[in-house]
2 protein chains.
Amino acid sequence: MADPTNRPRHVALAVVLQVRDGRLRVLLDGNCLPGGELRAGETLESCVRRHLGRREPAHVEQLETRSDPKRNPQTWELASAYLGLVPADETLPGDWSPVTRLPRLVHDHGAIVFAGRARLRAKLSYTNVGFALAPAEFTISELREIYVAALGHDVSATNLQRVLVRRGVLEPTGGQRESGRTGGRPAALFRFSSREIAITDQFAVLRPPA
Amino acid sequence: MADPTNRPRHVALAVVLQVRDGRLRVLLDGNCLPGGELRAGETLESCVRRHLGRREPAHVEQLETRSDPKRNPQTWELASAYLGLVPADETLPGDWSPVTRLPRLVHDHGAIVFAGRARLRAKLSYTNVGFALAPAEFTISELREIYVAALGHDVSATNLQRVLVRRGVLEPTGGQRESGRTGGRPAALFRFSSREIAITDQFAVLRPPA
DNA sequence: GCAAAAGTGTTGTGTCTACACCCATGT
DNA sequence: ACATGGGTGTAGACACAACACTTTTGC
């Protein structure tokens, strides 16, 4: 049996992402990701949630566990990273840095942020995770801005609507948004049909026979 | 700072999968997954490889870290699970149990095996991981048997070949397999073009504009 | 010639992109 | 009327599933 005094520190870290002002932003605590050491009796996920407190994401999932013995030069420390997503209309306290303009972060925290963004970008395409970045109700062009900021490339509102409605991810609420001062047809309001994550694009190409 | 005598044990576990005799099998150490406690100076991945020794998988990737404080009733123990894949033509020592006929495993090891199988099934569809389950050279029907065992459903040899060749995942070696005693056209031999994992099905539906 | 196994041709379907066009509002 | 923003119609590209058909072998 290993000497219990010679065990690594274990921290849980959160990459909490939100789109605001047309930019994908990450929550920072100074030059660190929020998080801290795992306590007895809690899971990694509850540790992450404890450190986030009231800044509760609409979706949380595990990303990866980093174990390079030199990742923290001070001490032997493992880090389990989580991805958290916050709807665009919530204003939460804290330091929200654009992911494209990160300050220098401690240890491997910068790499962990990019891993979180990569996971989000992939899942926006084949799941309904968008629900965790969007307000409860929104127009297609508002949703489009969120997708553009998160994906980092242009998205056609026409096709975004059709893809998500065809898949049953979005449904119209029946409501409408008033036109702006400059006119234009009032936009229909939509919501996500489910606020539980699900795979909506069955990309499996080697499907079971019908 | 936390009292270092009050830190959890941390083990790395391996879900090593191989197709043999038309079945997907997992390497067991008795009623446990192979693995053991992380040592100072090593990463989780090197810990896994150390415990596997000569039984070296063609592909290794991290699965997930389990942290339920009661997962091991004896002691506070985190487990980071890895997926390893071994080509069908290698005969490695050890106890290889069919995944569909697992014995009762300790703690959450059974659930971890199923998580590994789920990861494999997903990645067989949109990456070239097949290389890690297949021999260096093979016929399409040999590859088909591997896919059938791993995916758990029928796969058409015709379409398997076309999908993988179209994507550039497979290439003909030029060689042929002799016909069996019972006749039949000799089968062409193929190899995987790359033995590095890569995403081959760009399922991203919200693609950047051309 | 016949059975067996491998491989190709072809048709149909579903999902996506792109772009033209139509709709509803404010000034 | 016309500008502005929202929404629909439609055609083309592509990848895949299914299945008929052809090729190459052993007996």
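Lettering of chains follows the sequences in order, A, B, ..., and the numbering in each one begins at 1.
Put simply, CG on A/Leu160 is 15 Å from C1' on C/dT15, counting in whole angstrom units. Atom CD of B/Glu178 and atom C1' of D/dC27 are 17 Å apart (whole Å). Atom CD in B/Gln176 sits roughly 11 Å away from atom P in D/dG26 (whole-Å rounding). Across the protein-nucleic acid pair, B/Asp154 atom CG and D/dA17 atom C1' stand 13 Å apart, rounded to whole Å. If you measure from atom CZ of B/Arg144 to atom P of C/dA5, you get 12 Å, rounded to the nearest angstrom.
For A/His107, the ring pair (Phe, Tyr, Trp, His ring centres under 6.0 Å) partners are A/His109, not counting sequence neighbours. Partners of A/Asp68 according to the side chain to side chain contact (heavy atoms under 4.5 Å, CB included) rule, which considers only residues two or more places apart in sequence or in another chain, are A/Lys70, A/Arg71. Legend: residues meeting salt bridge (charged side-chain N to carboxylate O under 4.0 Å, His left out) with A/Arg121, ordered by chain and number and at least two apart, are absent. For B/Phe138, the ring pair (Phe, Tyr, Trp, His ring centres under 6.0 Å) partners are B/Phe192, not counting sequence neighbours. Applying the side chain to side chain contact (heavy atoms under 4.5 Å, CB included) rule to A/Pro98 yields the partners A/Arg23, A/Arg25, A/Thr100, A/Arg101; only residues at least two apart in sequence or on another chain are considered.
DNA chain C is contacted by both A/Ser179 and A/Ser156; A/Ser156 maps to the nucleotide lying nearer its 5′ end (nearest heavy atom per residue).
Salt-bridge annotation for A/Glu64 and A/Arg66: present, with a side-chain N of the basic residue lying under 4.0 Å from a carboxylate O of the acidic one.
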Q) Which parts of nucleotides 2-10 of chain D does protein reach within less than 4.0 Å, heavy atoms only, written one letter per nucleotide 5' to 3' as B for base, S for sugar-phosphate only and - for none? A) --BBBSBBB
